[in-house]
Undergrad: 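Have a look at this one.
None of these values were measured; they are calculated from a predicted model.
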Amino acid sequence: MRINWLAALMPYGDRWRRARKALHICLQPSAIPEYHSLERKAAHRVLRNLVVNPSAFDEHVRQYVLIVTT
């Protein structure tokens with residue numbers, strides 16, 4: 001879901017309407033199951049990384065957040 005998150009700041013027009021439509025499609029409840037496998041893989045990756053290097057907890061969590069929010 002690589003959508004310009006500054007859509008709220010875009011001037012109204014064709015580009016804004018396309019961004020809003022894409023956001024609507026990605027954020028509606030029926031789209032949620034599509035993200036489950038991505039989230040599960042990211043969670044497994046974080047857990048593996050924590051076992052290998054627990055002292056880098058902050059970095060592992062940061063990577064997880066980046067994966068599931070972009």
Side-chain angles (χ1 to χ4, degrees):
M1 191 170 100
R2 297 195 182 272
I3 299 169
N4 186 346
W5 287 103
L6 297 176
L9 303 176
M10 285 182 192
Y12 184 77
D14 289 338
R15 185 172 177 231
W16 178 85
R17 281 193 294 279
R18 286 192 309 269
R20 185 186 177 285
K21 182 178 181 179
L23 282 170
H24 177 74
I25 290 169
C26 295
L27 298 177
Q28 63 184 336
S30 62
I32 292 172
E34 295 180 31
Y35 300 109
H36 288 173
S37 67
L38 171 73
E39 292 169 347
R40 187 177 10 264
K41 288 176 186 177
H44 288 163
R45 179 179 173 176
V46 166
L47 293 173
R48 253 191 328 271
N49 290 342
L50 284 171
V51 168
V52 172
N53 186 7
S55 63
F57 175 83
D58 292 347
E59 182 58 30
H60 300 321
V61 171
R62 188 175 302 122
Q63 286 178 358
Y64 173 80
V65 170
L66 288 171
I67 290 169
V68 298
T69 61
T70 57

Undergrad: Can you establish whether the number of heavy atoms outside Glu34 located under 6.0 Å from its atom CD is more than 12?
TA: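 For Glu34, atom CD is not crowded (no more than 12 foreign heavy atoms under 6.0 Å).
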Undergrad: For His36, is the NE2 atom crowded, meaning more than 12 foreign heavy atoms sit under 6.0 Å from it?
TA: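 For His36, atom NE2 is crowded (more than 12 foreign heavy atoms under 6.0 Å).
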Undergrad: Enter the distance from Gln28:CD to Leu23:CG here, rounded to the nearest 0.5 Å.
TA: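 Nearest 0.5 Å value for the CD-CG distance: 11.5 Å.
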Undergrad: Give a yes or no answer on whether the side chain of His60 reaches the backbone of Asn53 with a donor-acceptor pair at less than 3.5 Å.
TA: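 Answer holds: yes.
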Undergrad: Looking at CZ of Arg20 and OH of Tyr12, how far apart are the two atoms once the value is rounded to the nearest 0.5 Å?
TA: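 One gets 9.0 Å once the value is rounded to the nearest 0.5 Å.
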Undergrad: Drop me the distance from Lys41's NZ to Ile67's CD1, to the nearest 0.5 angstrom.
TA: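 That separation rounds to 11.0 Å.
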Undergrad: Within a radius of less than 6.0 Å around CZ of Arg17, do more than 12 heavy atoms belonging to other residues, nucleotides or ligands occur?
TA: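 Atom CZ in Arg17 is packed in, count exceeds 12.
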Undergrad: Taking atom CZ of Arg48 and atom NE2 of His44, what is their separation to the nearest 0.5 Å?
TA: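 It is 8.0 Å, given to the nearest 0.5 Å.
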Undergrad: Ignoring hydrogens, what is the shortest heavy-atom contact between Ile25 and Ala31? Give both atom names and the distance.
TA: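 Minimum heavy-atom contact is O-CB, 3.6 Å.
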Undergrad: Under a 4.5 Å cut-off applied to non-hydrogen side-chain atoms, are Phe57 and Leu50 in contact?
TA: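 Yes. Closest side-chain heavy atoms under 4.5 Å.
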